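These notes are about the structure you will find just below.
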Amino acid sequence: MAFSDEIITWYNQHKRDLPWRHTRNPYVIWLSEVILQQTRVEQGLPYFYRFLTHYPDVISFAGAPEEEILLHWQGLGYYSRARNMHKAAKAVVAEYDGIFPKKYEDLIRLKGVGEYTAAAVASFAANEAKAVVDGNVFRVLARYFGIDEPINSSKGKKLFLGLADDLLDKVNPGLYNQAVMEFGAIQCKPKHPDCANCVLRLDCRALAERRVNQLPVKIKGKASRNRYFNYFVVTMGDRLLMNKRGTGDIWENLYELPLIETPYLMDVRELASIQEVAECFGKGADLRLVAGPVKHVLSHQNLFAQFIAIDVQDEIIGKKMKWNYVFMKDLGTLAKPKLIYSFLEEYMVE
DNA sequence: AAGACGGGGGG
DNA sequence: CCCCCAGTCTT
């Protein structure tokens, strides 16, 4: 049997029942695909339902404020996905009269829609013959064909893209695409794939050569850098000083506590002596460590965060333009990174 | 071509 | 601790 037929037969017997597999609505499929970028199904599922409930169609999505979309996205990570989705939704309303496109060539022009997502939406919603190549597909192909070209090199990407196109079932591209990804997720897993019971075991090159656990090959990225975040807990009555993050760094447009970053971990005594603290809060301020340092790991950074309570005489306004007092009861309406809302939940509840 | 961008789960 | 996850964008 052909590769695609084996995969599809396997899929029909083993597929999970996932909500986005019951629709051909390109908007709904796009929603699911962006949520699932670099994200496990179990983690993305509640967000998929949440977004579908709040924004049942692309018109409502486009009409929502970015802050609200970010709030619903809170905790999912890679927040540029949410910001780009908003831009894409507005573009669909403006350029396609609110009719979500199904063609690869249209989809690929939308913000946040790359080759994978465009192929996924086009093939699932309109059965367009475009092969998806995600982490699952890379792994399945690398193993089945015994390819040791790194999947994240330019050469490797080209190689796997071409291979995926050759293997694509041209009659049922949507079904095949679903199938090969599901096969990678359930059968040809990264660790401990169940090769003994695999329908492709007789033709799998990696298995024949005992190289399954060495494939796919991936070039390692750069090591993470360490950063030291000193967050200040500044209250005034029933209000808390908050900061909206800008561009050019992590957590763009999300809210956090007032932050002073230092080149290394300082204790509160040393912190109290530095110029920036004096500029922001006045000289000789009384600092109390409330929590931390806690380590918070991002994809390319290790954050070491301390939370420091401080009593200020005067209202802090204008020293840092983006610092503003927010009513405690309204904190829930602000999109915050996990590090921040975890702290707030633990220490700011009455 | 290489880095940056979150957060969670598993070994 | 390291790797991986239904990737994309920027430099």
Side-chain angles (χ1 to χ4, degrees), chain A residues 15-16 18-21 29-48 70 73-85 87-88 107-121 123-124 131-140 142 150-158 160-161 164 174 177-186 188-193 213-225 227 245 247-254 256 295-303 335-342:
Chain A
K15 66 180 170 190
R16 292 167 290 181
L18 300 174
W20 43 83
R21 290 187 177 153
I29 295 170
W30 164 75
L31 207 52
S32 71
E33 290 302 337
V34 177
I35 287 173
L36 263 25
Q37 287 168 7
Q38 294 294 286
T39 304
R40 292 167 195 278
V41 167
E42 310 80 69
Q43 191 189 359
L45 212 38
Y47 288 85
F48 173 73
L70 282 172
W73 198 269
Q74 177 176 278
L76 194 54
Y78 284 161
Y79 297 91
S80 65
R81 289 183 291 173
R83 297 189 302 268
N84 285 335
M85 282 181 102
K87 292 176 192 160
L107 290 160
I108 195 71
R109 298 176 197 291
L110 297 174
K111 281 282 187 223
V113 176
E115 290 185 22
Y116 164 76
T117 304
V121 176
S123 68
F124 301 156
V132 295
V133 184
D134 72 334
N136 293 304
V137 178
F138 277 120
R139 185 169 58 253
V140 171
I151 61 174
N152 54 346
S153 68
S154 294
K155 191 176 167 191
K157 255 177 247 175
K158 216 172 291 178
F160 283 94
L161 262 296
N177 278 339
Q178 285 283 358
V180 65
M181 287 193 287
E182 188 77 340
F183 183 80
I186 294 180
C188 196
K189 297 176 292 187
K191 308 281 182 184
H192 310 301
N213 53 9
Q214 302 167 37
L215 296 176
V217 174
K218 201 170 187 176
I219 302 166
K220 290 194 208 318
K222 251 186 60 177
S224 293
R225 67 178 168 132
R227 298 176 75 177
R245 292 186 66 88
T247 58
D249 202 346
I250 56 173
W251 302 328
E252 184 174 329
N253 293 0
L254 269 61
E256 63 184 356
K295 185 178 180 184
H296 187 84
V297 178
L298 306 181
S299 52
H300 289 77
Q301 304 184 22
N302 300 128
L303 271 27
K336 301 168 289 294
K338 158 96 174 177
L339 175 64
I340 298 301
Y341 70 69
S342 297

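Just so it is clear, the model here is predicted, and its values are computed rather than measured. Protein chains get the first letters and strands the later ones, always in sequence-line order, with residue 1 at the start of each.
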> Where each residue is assigned the nucleotide of DNA chain C containing its nearest heavy atom, which of Lys220(A) and Val133(A) is assigned the position nearer the 5′ end?
Replying inline: Lys220(A)

> What integer distance in Å separates Tyr79(A):OH from dG8(B):P?
Replying inline: 8 Å

>> Under 4.0 Å, heavy atoms only, any strand: does Arg21(A) hit a base, just the sugar-phosphate, or nothing?
In response: base

>> Check the phosphate of dG7(C) against Gln38(A), side-chain N and O only, distance under 4.0 Å to OP1 or OP2. Yes or no?
In response: yes

Report, one line per pair, each donor and acceptor closer than 3.5 Å where one atom sits in a side chain of residues 132-140 of chain A; sequence neighbours left out.
| residue | atom | partner | partner atom | Å |
| --- | --- | --- | --- | --- |
| Asp134(A) | OD1 | Asn136(A) | N | 3.2 |
| Asp134(A) | OD1 | Val137(A) | N | 3.0 |
| Asp134(A) | OD2 | Asn136(A) | ND2 | 3.0 |
| Asn136(A) | OD1 | Arg139(A) | NH2 | 2.8 |
| Asn136(A) | OD1 | Ala185(A) | N | 3.4 |
| Arg139(A) | NE | Cys188(A) | O | 2.7 |
| Arg139(A) | NH2 | Gly184(A) | O | 2.8 |

> Taking only side-chain nitrogens and oxygens of Lys295(A), does any of them come within less than 4.0 Å of OP1 or OP2 of dC1(C)?
Replying inline: yes

> So Glu33(A) and Tyr116(A), side-chain hydrogen bond (donor to acceptor under 3.5 Å, both in side chains) or not? Walk me through it.
Replying inline: CA-CA 9 Å; Glu33(A) 290 302 337; Tyr116(A) 164 76; 2.6 Å; yes

>> Could you tell me how far apart Arg109(A) (CZ) and dC9(C) (P) are, to the nearest whole angstrom?
In response: 13 Å

> Which part of the nucleic acid, if any, lies within contact of Lys189(A), taking any heavy atom under 4.0 Å across all strands shown: a base, the sugar-phosphate backbone alone, or nothing?
Replying inline: nothing

>> For the C1' atoms, the ones on dC9(C) and on dG8(B), what distance do you get once it is rounded to whole angstrom?
In response: 23 Å

>> Could you spell out the base pairing of DNA chain B as a dot-bracket line? Use Watson-Crick and G-U wobble contacts where both distances are under 3.5 Å, [ ] for crossing pairs, | for partners on a different strand.
In response: |||||.|||||

>> Within the 4.0 Å heavy-atom criterion, would you say Ser153(A) contacts the bases, only the backbone, or no part of the nucleic acid?
In response: nothing

> Should Arg21(A) and Glu182(A) count as an ion pair when the cut-off is N to O under 4.0 Å?
Replying inline: yes

> Where the side chain of Tyr116(A) is concerned, which of dG8(B), dG7(C), dA4(B) is the nearest nucleotide?
Replying inline: dG7(C)

>> Checking contacts here: which listed nucleotide (dG7(B), dA6(C), dC4(C)) is nearest the side-chain heavy atoms of Pro337(A)?
In response: dG7(B)

>> I need the CG-C1' distance between Asn213(A) and dC2(C), as an integer number of Å.
In response: 16 Å

> Using a cut-off of less than 4.0 Å, is there contact between a side-chain N or O of His192(A) and OP1 or OP2 of dG11(B)?
Replying inline: no

>> Over all strands shown, is Ile219(A) touching base, sugar-phosphate only, or nothing at heavy-atom distances under 4.0 angstrom?
In response: nothing

> How do Lys338(A) and Lys191(A) order along DNA chain B: which one's closest nucleotide is nearer the 5' end?
Replying inline: Lys338(A)

> When the nearest nucleotide of DNA chain B is assigned to Asp249(A) and to Lys155(A) on a heavy-atom basis, which residue is associated with the more 5' position?
Replying inline: Lys155(A)

> Regarding Gln37(A) and Thr117(A), is there a side-chain donor-to-acceptor distance under 3.5 Å anywhere?
Replying inline: yes

> For dG7(B), does OP1 or OP2 lie under 4.0 Å from any side-chain N or O of Trp251(A)?
Replying inline: yes

>> Would you say that Tyr79(A) contacts Asn253(A) through its side chain, given a criterion of any heavy-atom pair below 4.5 Å between the two side chains?
In response: no

>> Students often get this wrong, so: under 4.0 angstrom with heavy atoms, is Asn302(A) touching a base, only sugar-phosphate, or nothing?
In response: nothing

>> Heavy atoms from C-beta onward define the side chain here; which of dC5(B), dG7(B), dC4(C) lies closest to that of His296(A)?
In response: dG7(B)

>> How many whole angstroms separate atom NE2 of His300(A) from atom P of dT11(C)?
In response: 15 Å

> Val132(A) near the nucleic acid: base, sugar-phosphate alone, or nothing, with a heavy-atom cut-off under 4.0 Å?
Replying inline: nothing

>> Counting the atoms with a prime plus P, OP1 and OP2 as sugar-phosphate, which does Gln301(A) contact under 4.0 Å by heavy atoms, base, sugar-phosphate, or nothing?
In response: sugar-phosphate

> About how many Å separate NZ of Lys222(A) and NE2 of His300(A), when rounded to the nearest 0.5 Å?
Replying inline: 8.5 Å

>> Under 3.5 Å, is there any donor-acceptor pair linking the side chain of Arg40(A) to the base of dC4(C)?
In response: yes

>> At 4.0 Å (heavy atoms only), tell me whether Glu42(A) reaches a base, stays on the sugar-phosphate, or touches nothing.
In response: nothing

>> Base, sugar-phosphate or nothing for Gly114(A)? Non-hydrogen atoms, less than 4.0 Å.
In response: sugar-phosphate

>> Looking at Thr117(A), I'd like to know whether one of its side-chain N or O atoms comes within less than 4.0 Å of OP1 or OP2 on dT8(C).
In response: yes

> Between Thr39(A) and Tyr47(A), is any pair of side-chain heavy atoms under 4.5 Å apart?
Replying inline: no

> Below 4.5 Å, heavy atoms only, C-beta onward: do Arg227(A) and Leu298(A) meet side chain to side chain?
Replying inline: no

>> From C-beta outward on Lys222(A), which listed nucleotide comes closest to its side chain: dG3(B), dG7(C), dG7(B)?
In response: dG3(B)

>> Between P on dT10(C) and CZ on Arg83(A), what's the gap in Å once rounded to a whole number?
In response: 10 Å

> Which part of the nucleic acid, if any, lies within contact of Trp20(A), taking any heavy atom under 4.0 Å across all strands shown: a base, the sugar-phosphate backbone alone, or nothing?
Replying inline: base

> For Gly44(A), which contact category applies under a 4.0 Å heavy-atom criterion: base, sugar-phosphate, or nothing?
Replying inline: nothing

>> Considering every strand and a 4.0 Å limit on heavy-atom distances, what is the contact class for Ser299(A): base, sugar-phosphate, or nothing?
In response: base

>> Within the 4.0 Å heavy-atom criterion, would you say Leu18(A) contacts the bases, only the backbone, or no part of the nucleic acid?
In response: base

>> I'd like to know whether Gln301(A) forms a side-chain contact (heavy atoms from CB on, under 4.5 Å) with Asp249(A), so could you lay out the CA-CA distance, the side-chain angles of the two residues, the decisive distance to 0.1 Å, and finally the verdict.
In response: CA-CA 11 Å; Gln301(A) 304 184 22; Asp249(A) 202 346; 4.2 Å; yes

>> Measuring only the C1' atom in each nucleotide, how far is dG3(B) from dA6(C)? A whole number of Å is fine.
In response: 22 Å

> Hey, are the side chains of Lys15(A) and Gln178(A) touching, using non-hydrogen atoms and a 4.5 Å cut-off?
Replying inline: no

> What is the distance from OH of Tyr78(A) to C1' of dG8(B), rounded to the nearest Å?
Replying inline: 12 Å

> CG of Asn152(A) versus P of dA2(B): gap in Å, rounded?
Replying inline: 9 Å

> Between dG6(B) atom C1' and Ile340(A) atom CD1, what is the distance in whole Å?
Replying inline: 14 Å

> Which residue, Gly135(A) or Pro216(A), contacts DNA chain C at a nucleotide closer to its 5' end, judged by nearest heavy atom?
Replying inline: Pro216(A)

